[in-house]
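Data block below; observations after.
Starting from 1, each residue takes its place in the sequence as its number. Please read these numbers as outputs of a predicted model, since none were measured by experiment. Computation of the quantities below employed the complete heavy-atom set of this structure, encompassing side-chain atoms and omitting hydrogens, waters and symmetry-equivalent molecules.
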Amino acid sequence: MRGTSQSLACVDPATQCPWLPWLLHKLLINSWHCRALSGAEAVNALRPFYFAVHPDFFGKYPKEREVNENSLKRLNGYLENLQKPGSRSVQPMKLTFYLRNTKYSSKVQPELLSSGFRSVSFTLHTNDVLSTVMDVLTSCSLPMEHMKGLTASKAASKSPTETGKPFYRTIKWDKSYYTFTGFKDPEQELQQAQRAEPTLSVWLRNNEPEATKKHDASLPRREELNRLKRELCRRFNLTDIRWQRSWGVSHRYCQLQSLSRLSHQNPEALINLQGHTVVFADQSGMDASGHVMLGTMDVHHQWTKLFEQLPGYHSLQQQTHWLKERISLLLGGTQVVHMDRLGPVQPIAEHYSSLNTFHKRLMSHHLRLHPRSLQGLTMLLENDRSNPSLHEMGHFIIPIKCDLPTLQVFLQNHAPEARRRIQRKNQLQAEEEAVVKLCLETLSLRSLSKEPSVSPAQMIQCCERLLEQRSPHMQGLQICVSHFYSVMQDGDLCVPWDCKS
């Protein structure tokens with residue numbers, strides 16, 4: 001084959017056979033695609049990966065859950081594009097995942113984060129499903145023994161030295177071949193893909209037209225969504241209507257329509273909603289903050305039953321407030337809080353049970369804390385921790401069943417640091433509000449938001465970078481600061497907080 005390669009490279013395609021380069025190029029392209037996996041094979045091959053990163057396993061870790069959820073969507077889109085008929089190449093894609101330690105994990109593990117997970121980032125620049133699957137598993141240090149059957153079935157279509165190399169070719173063409181024919185050099189394309197991610201200005205220039213088109217198409221539905229939301233809030237004196245997840249405009253509009261139909265069919269059922277905040281969520285009930293959750297998969301009968309039970313939830317809510325006050329008195333003035341953005345949605349019954357258990361344990365011990373020594377500090381109760389800790393935002397994280405004498409010493413020793421972190425958090429939040437307002441006014445943005453997993457410090461850095469960039473392509477856009485680049489279905493633009501200027 002080496003001799004054949006050399007002899008062909010010496011032939012002048014223009015004088016000997018004008019269609020020969022085209023034919024060989026087509027054969028070459030076909031050889032790259034003949035090892036593509038089916039969708040079912042890809043899902044089966046990635047089973048160890050899905051088991052390690054699936055968002056359902058990260059319920060108590062909202063930041064890691066959100067990152068994995070977004071990265072999985074983008075990975076699935078990448079694989080779908082590879083399986084489309086006639087697809088030859090896709091844009092390189094950088095992904096970040098948090099991995100659990102599972103039975104599939106390698107024995108040699110990288111250093112774990114404080115959360116117990118390990119973070120993995122890699123860039124996909126493969127042109128077929130098989131190479132993509134192998135690249136993902138290798139990057140995550142996951143086993144590939146189960147891939148032997150798949151790779152063996154493809155062995156007839158590739159050489160032994162080709163395994164794991166996305167652009168391997170049996171014929172090594174001279175660079176002059178690509179200059180003469182105008183065909184793209186795969187090796188050159190690979191080198192370009194392996195370079196750094198696009199700068200913010202380049203990405204905006206390439207994607208602003210698509211974002212504007214999608215946003216303009218969503219405007220009628222957006223206006224109808226806002227009108228329906230105002231109407232429901234006015235008719236039933238609702239404090240607000242929110243959504244647990246970042247659903248699209250059409251999805252949210254359908255949920256509001258469903259609630260509106262119920263209000264017309266049975267208006268008496270919604271009387272108990274007065275004064276509440278309604279949240280469309282994964283399950284129906286009342287959360288620890290007192291918001292009424294409407295499960296998006298539930299039917300009207302289930303919603304109506306929940307509305308009838310709201311008076312009972314009000315009684316449970318009052319008992320919850322009483323327990324918080326008692327615990328605060330016993331712990332030097334520390335306030336028990338519940339932050340939905342820092343954890344999964346917690347039903348109020350579960351929250352009450354945690355408070356009641358912790359209060360009973362405090363009553364059986366006599367902690368020696370001055371009544372106001374911890375005034376102004378806050379704490380979260382958790383069920384699955386063994387030792388208390390101090391969050392970077394300044395609140396204590398207290399296990400319900402922790403050793404209480406140890407807890408007293410911990411609170412007293414860490415109170416000064418907690419106050420310092422709270423002061424720093426308040427300062428960062430003020431700076432974040434100011435720089436977001438400046439961005440909106442200076443860059444003429446339609447909106448500027450962030451995902452919950454983006455910290456105030458990261459948001460400030462991103463906004464400062466946007467102000468330095470001052471790209472004319474940002475005018476009139478809706479930008480969400482995230483961990484990746486993406487154009488959403490309704491025209492919103494996601495940009496990574498650490499995007500390059």
Side-chain angles (χ1 to χ4, degrees), residues 1 5 21-53 70-97 104 120-173 177-178 181-195 197-198 484-486:
M1 191 66 209
S5 164
W22 175 86
L23 176 60
L24 290 173
H25 190 269
K26 286 296 183 182
L27 291 173
L28 186 60
I29 294 296
N30 290 337
S31 70
W32 294 339
H33 286 276
C34 64
R35 55 182 179 140
L37 297 183
S38 67
E41 288 176 322
V43 171
N44 185 61
L46 285 173
R47 185 170 297 176
F49 168 73
Y50 289 135
F51 194 71
V53 306
N70 289 327
S71 294
L72 272 178
K73 290 179 182 177
R74 301 176 69 222
L75 173 60
N76 291 336
Y78 189 95
L79 291 170
E80 288 175 4
N81 287 335
L82 288 177
Q83 296 177 66
K84 290 180 180 178
S87 174
R88 289 182 51 182
S89 62
V90 292
Q91 292 295 322
M93 181 176 291
K94 183 178 180 180
L95 299 173
T96 298
F97 288 99
Y104 299 108
V120 176
S121 295
F122 53 91
T123 300
L124 293 175
H125 44 69
T126 47
N127 273 5
D128 62 86
V129 178
L130 176 60
S131 297
T132 303
V133 170
M134 296 179 69
D135 202 1
V136 170
L137 294 175
T138 302
S139 300
C140 296
S141 302
L142 293 171
M144 293 193 294
E145 286 79 2
H146 63 293
M147 295 285 292
K148 290 180 180 178
L150 294 174
T151 54
S153 65
K154 313 295 179 182
S157 62
K158 60 178 182 174
S159 62
T161 58
E162 186 182 351
T163 304
K165 297 183 179 180
F167 283 100
Y168 182 84
R169 297 167 294 152
T170 56
I171 301 178
K172 180 73 174 180
W173 290 103
Y177 163 76
Y178 300 102
T181 62
F183 291 131
K184 293 183 179 180
D185 183 352
E187 288 186 346
Q188 185 178 1
E189 286 185 321
L190 175 58
Q191 292 172 1
Q192 292 174 351
Q194 291 175 331
R195 293 173 186 168
E197 287 185 349
F484 55 85
Y485 284 111
S486 179

- Classify the side-chain pair Ser121/Thr96 by whether it contains a donor and acceptor separated by less than 3.5 Å. yes
- Query: Does the pair Leu95 and Tyr78 meet the rule for a side chain to side chain contact (heavy atoms under 4.5 Å, CB included), with working shown?
  - Reply: CA-CA 11 Å; Leu95 299 173; Tyr78 189 95; over 6 Å; no
- In sequence, state the C-alpha distance, the side-chain angles, and the governing distance for Cys140 and Phe122, and then conclude on side chain to side chain contact (heavy atoms under 4.5 Å, CB included). CA-CA 9 Å; Cys140 296; Phe122 53 91; 4.0 Å; yes
- Message: So, using side chain to side chain donor-acceptor pair (under 3.5 Å) as the criterion, who are the partners of Thr138 when residues are at least two apart?
- Response: none
- In Å and rounded to the nearest 0.5 Å, what is the OG1 to CE distance from Thr123 to Met93? 10.5 Å
- Calculate, to the nearest 0.5 Å, the distance between atoms CG and CZ belonging to Leu142 and Phe51 respectively. 11.5 Å
- Query: Can you tell me how far the CG atom of Leu46 sits from the CG atom of Leu75, to the nearest 0.5 Å?
  - Reply: 6.5 Å
- If we ignore angles and hydrogens, is there a donor and acceptor under 3.5 Å between the side chains of Thr126 and Ser131? no
- Message: Minimum heavy-atom separation for Asn76 and Tyr50, please, with both atom names.
- Response: OD1-OH, 3.6 Å
- Item | Nearest-0.5 Å distance that lies between atom CG in Leu79 and atom OG1 in Thr132 | 6.0 Å
- Query: Taking atom CG of Leu124 and atom NZ of Lys94, what is their separation to the nearest 0.5 Å?
  - Reply: 12.5 Å
